[in-house]
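First comes the structure, then the notes that go with it.
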There are 2 protein chains.
Amino acid sequence: MRKPSRMPIGLRLANTAKTVGRAFDDTLAAAGGSSPVWLVLLTLKTQAMASQREIAAAVGIQGATLTHHLNGMERDGLITRTRDPENRRVHQVRLTGQGEEMFHRLATAAQAHDERLREGFTEDELETLEKLLTRLQANVTAPREGA
Amino acid sequence: MRKPSRMPIGLRLANTAKTVGRAFDDTLAAAGGSSPVWLVLLTLKTQAMASQREIAAAVGIQGATLTHHLNGMERDGLITRTRDPENRRVHQVRLTGQGEEMFHRLATAAQAHDERLREGFTEDELETLEKLLTRLQANVTAPREGA
DNA sequence: TATTGTTATACTCTATAACTATA
DNA sequence: TATAGTTATAGAGTATAACAATA
């Protein structure tokens, strides 16, 4: 006879994500950034030639929401937006020097956060955790019969 | 030689929580509720005699934020607030009949969500996941030398 | 017509500061 | 003075709908 999990796994996940996410937000804020700004910068550096549609998809937000963040980032001198001469509908988003600096500052902060997070975990445990999280996400992403 | 985790675990956690959380929000919304309302109702049913301070702590929000939600829930007829005659500073929050109904509706929705989430997981895996999440949270909750 | 992105507007959750009532 | 809670205000993140520009 085994004692079942006493708490819904979704609630456990939400609690953990809330606590960890707030700690991360604090870390980013101390470095002068925020979570969406960091995700946008990371996407720009990782997927160099991304259109705004692609960036929004990568960050997991709507296009209009991305525009909102890009407006702020442009105002703060982190990015520039210019039209693509090949297809003038597309706006090319590029990092400025300040944007590069911000990226590196936030990358450092993010790395410190992640090292703190990993403390006491073995590589195997991290891999296990990552796989379990992926499966959890898949369960919710998979199309349902009813939908 | 082992291949290290390719993605920061914090990012993996945030992604999963975002996807799963949104699915849960949709589920609750379809049942006429929301995440904070569900957490408040759950706390009221679980810790019967909670003061607002305790409810706020259990839900993980500030007192003023809780007041905001309770105002909405009172307006919607889910709860009543009366002063405790023993200590008139304390407000006793109680579920109305409608509040009970809402609780059961959301509980059903939450259970369905969690069953979907657990699909394909063994009890052992869920327990492992729960323990790993708890350790992750502890890493961020623990006091730092620098703080 | 379809696609890319912006503008206008608004909603939800959250928070801090100042306040009232009570002890 | 200290505690419980509320009010006023604001800010961050997100979203939808309507629109403009381009293809």
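Chain identifiers are assigned alphabetically (A, B, ...) following the order of the sequence lines, protein sequences preceding nucleic acid strands; residue numbering begins at 1 within each chain. We use all heavy atoms of the structure for the numbers below, so side chains are in, but hydrogens, waters and symmetry mates are not.
Within the 4.0 Å cut-off from OP1 or OP2 of C/dC13, not a single side-chain nitrogen or oxygen of B/Ser35 is found. Regarding contacts with the backbone of C/dC13, every side-chain N or O of B/Gln62 stays at 4.0 angstrom or more from both OP1 and OP2. OP1 or OP2 of D/dA12 has not a single side-chain nitrogen or oxygen of A/His68 nearer than 4.0 Å. Close to C/dA15, at under 4.0 Å from its OP1 or OP2, lies a side-chain N or O of A/Arg22. Applying the 4.0 Å criterion to OP1 and OP2 of C/dA21, one finds that B/Arg83 has every side-chain N and O outside that range. For the OP1/OP2 pair of C/dG5 and a distance below 4.0 Å, the side-chain nitrogens and oxygens of A/Arg89 include no atom meeting the criterion. For B/His91 and D/dT6, the shortest distance from a side-chain N or O to OP1 or OP2 is below 4.0 Å. A close approach under 4.0 Å does occur between a side-chain nitrogen or oxygen of A/Arg53 and OP1 or OP2 of C/dT4.
Closest contact between the side chain of B/Thr67 and the listed nucleotides D/dT7, D/dA21, C/dT6 involves D/dT7.
Rounding to whole angstrom units, NE2 of residue B/His69 and P of C/dT12 are separated by 11 Å. When rounded to the nearest whole Å, the span between CD1 of A/Ile61 and P of C/dT4 equals 16 Å. Taking atom CG of A/Leu39 as the reference point, atom C1' of D/dG13 lies 12 Å away to the nearest angstrom. For the pair B/Asp25 CG and D/dA15 P, the computed distance is 11 Å after rounding to whole Å. The interatomic distance linking B/Arg88 (CZ) with C/dT20 (P) rounds to 18 Å, in whole Å. Atom CD of A/Gln92 and atom P of C/dG5 are 10 Å apart (whole Å).
Both A/Thr65 and A/Pro85 sit near DNA chain D, but only A/Thr65 has its closest nucleotide nearer the 5' end. Position along DNA chain D of the nearest nucleotide to A/Pro36 versus A/Glu86 favours A/Pro36 as the more 5'-ward residue.
A salt bridge links B/Asp114 with B/Arg118: the closest approach of a Lys/Arg side-chain nitrogen to an acidic carboxylate oxygen falls below 4.0 angstrom.
A donor-acceptor pair under 3.5 Å links the side-chain atoms of A/Arg116 to the main chain of B/Val140, judged by distance alone.
Atom CD in A/Glu130 sits 11.5 Å away from atom CG in B/Leu13 (nearest 0.5 Å).
Residues A/Val37 and A/Asp76 are not in side-chain contact: their nearest non-hydrogen atoms beyond the backbone lie 4.5 Å or more apart.
Using cut-offs of 30° and 60° on the angle between ring planes, the pair A/Phe24 and A/His113 is tilted.
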